[in-house]
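Some notes on the structure that comes next.
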Amino acid sequence: MLSFRFDNAFVRELPGDPVHGPRVREVREAWSPVMPTPVAAPRVLAYSREMATALGLAAGEVLSPEFAQVFAGNRLLPGMQPFAANYGGHQFGHWAGQLGDGRAISLGETVDAVGGRWELQLKGAGRTPYSRGADGRAVLRSSIREFLCSEAMHHLGIPTTRALALLATGEEVVRDMFYDGHPAPEPGAVVVRTAPSFLRFGSFELPASRGDTGLLRQLVEFCIRRDFPHLEGEGEALVAAWFAEVAVRTARLMADWMRVGFVHGVMNTDNLSILGLTIDYGPYGWIDDYDPDWTPNTTDAQRRRYRFGQQPAVAYWNLGRLAGALSPLFADVAPLQEGLAAYVDAYEAAEQDVTARKLGLAGFRHGDDALMRTLQDWMAATEVDMTLLFRALGDLPADPDPQAEAVLFAGAFYDPARREAGWQALQDWLARYRARLAADPREPGARRERMRLANPRYVLRNYLAQQAIDRAEQGDPSGVREVLEVMRRPYEDQPGREAYAGKRPEWARERAGCSMLSCSS
Ligand code: AMP
Ligand code: MG
């Protein structure tokens, strides 16, 4: 028998919609009561051991028929109070009004053995008042992508919402994957997401946009009380301290994304977590060849607002929207401006830290940013794999050795002609780098260890996820489990799993799902 201890603070402490059910409507409150829509034949395809353990579940329980029934939305456990959260957002730079959980339904907040709070949420659980014209469902391909990337991100040590399980619904969902007028049925799925809080920047923007300062204040006070209990003070000073912490967490998150080559793809303000977690894995992607202008999102292919290199600046813009939303709580905006300044400072510090860690330096020094920038420019011009290049750099011989270096870096180039053209520039850069290392106190063994902890060997390359998806759509989910297994230890060499560490194969260069993705999830 599954059982959890629930403490449903969100629905207990914040005003809820008096209307029940999924009829689409404008909602003035913070959430709406709505039941998941049952599905035909739920089945667990994969689950996260670590998340199951955190929630006190044994493997046998996750694979029980009861688990599939509950976490596909067919049955409630005692203490569950299903709801969809209300929020708004700036999408692609424009205020979009009320959005809300259109296909995510939270079941409740559990408290684990060590006092950690986990909201349990089903993504793809059916219509809610926020579904607008859509069906509230999710397709298998995007659910696999969210499931895998949530856990991969966690194992990389980067703040993220988590995924407990991936379930097939046994039902089909119709999607026009390429937005070209050819809708087709696809297998449906549900991801069980978990996080201490799913509040977003847009959760605060919505009441502010309506001039509802009362609800805005309630939300802020609730969030501070539940999610930031360590903050002290009161009144404006407390809210300012909270905003500054949100800014700093967001800055650190951006530096982490840049460190590992993650591109979120849809950094709308409704997709930025107030906890500084990576949230809402849609048309995200991972950098193969280093290209700051790359975006995986076909919907954004023209303007590239959410391209890789732009992410820290977009996060700052988003914080500006959040600051604007919070301004009715302040007599003077200076404290909010200080919070924005804290973002700039925190990002600079985090970027310097990432530079030092990726290059294996004991600490950042003036000039190291230029050293890194030169390498990045060279990678972009020469079409070099970011992950492989940095991992190889950790094994650089102490003294110049062209033959060993040719072998070391061979796998990181995508284009032989560009490798040829860029080889001398690499030699020049390596000379600078070695000179810098000579002035660094760290001894080589310790340096290599430090670099391996900053430069993952395994990342969830787009084509790896796509291969798992292709197999799962043919009825074999074992590829999902295999990829998850590899991504559990991204910084370790895993003998026998070299295939997961290679550069993107040529066939994946322009393939849908591998190089480009739509929002049609
Ligand atoms: P996203 O960009 O995926 O974070 O979604 C933006 C908004 O669209 C959110 O309010 C989602 O809940 C909603 N949405 C996306 N897909 C669906 C769907 N299949 N059914 C209902 N709502 C959806
Ligand atoms: Mg979203």
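Whatever order the structure lists ligands and atoms in, that order sets their numbers, starting from 1.
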Does the pair [X]/[Y] count as a salt bridge with the N-to-O cut at 4.0 Å?
| X | Y | answer |
| --- | --- | --- |
| R307 | D293 | yes |
| K503 | D288 | no |
| E66 | R75 | yes |

Which residue holds the protein heavy atom closest to [atom], what is that atom called, and what is the gap in Å?
| atom | answer |
| --- | --- |
| atom 7 (C) of ligand 1 | R132 NH2, 3.2 Å |
| atom 12 (O) of ligand 1 | G102 N, 2.7 Å |
| atom 20 (N) of ligand 1 | G136 N, 2.8 Å |
| atom 18 (C) of ligand 1 | A134 CB, 3.5 Å |
| atom 3 (O) of ligand 1 | R103 NH2, 3.4 Å |

Pull out every atom of ligand 1 sitting under 4.0 Å from any heavy atom of [X], numbered as shown with elements.
| X | answer |
| --- | --- |
| N271 | 2 (O), 4 (O) |
| D101 | 12 (O) |
| D280 | 4 (O) |
| R175 | 19 (N) |

- Item | Residue pair R471 / S478, side-chain donor-acceptor N/O under 3.5 Å | yes
- Message: Other residues, nucleotides and ligands only: do more than 12 of their heavy atoms fall within 6.0 Å of CZ on R252?
- Response: no
- Query: Is R225 atom CZ crowded by more than 12 heavy atoms from other residues, nucleotides or ligands, each under 6.0 Å away?
  - Reply: yes
- Item | Heavy-atom protein contact below 4.0 Å for atom 5 (O) of ligand 1 | no
- Looking only at N/O atoms, are D135 and ligand 1 under 3.5 Å apart anywhere? yes
- Query: Can you tell me the N, O or S atom of D280 that's nearest the Mg ion (ligand 2)?
  - Reply: OD2
- Message: So is G100 touching ligand 1 or not, going by heavy atoms under 4.0 Å?
- Response: yes
- Has the side chain of E109 got a donor or acceptor atom that lies under 3.5 Å from a matching backbone atom of A9? yes
- Task: Determine, for W507 and R511, whether the Lys NZ or Arg CZ falls below 6.0 Å from the six-membered ring centre while staying within 45 degrees of the axis.
- Result: no
- Query: Of all the atoms in N271, is at least one N, O or S atom closer to the Mg ion (ligand 2) than 2.8 Å?
  - Reply: yes
- Message: Using every non-hydrogen atom in the two residues, find where F178 and A512 come nearest and quote the distance to one decimal.
- Response: CE2-CB, 3.4 Å
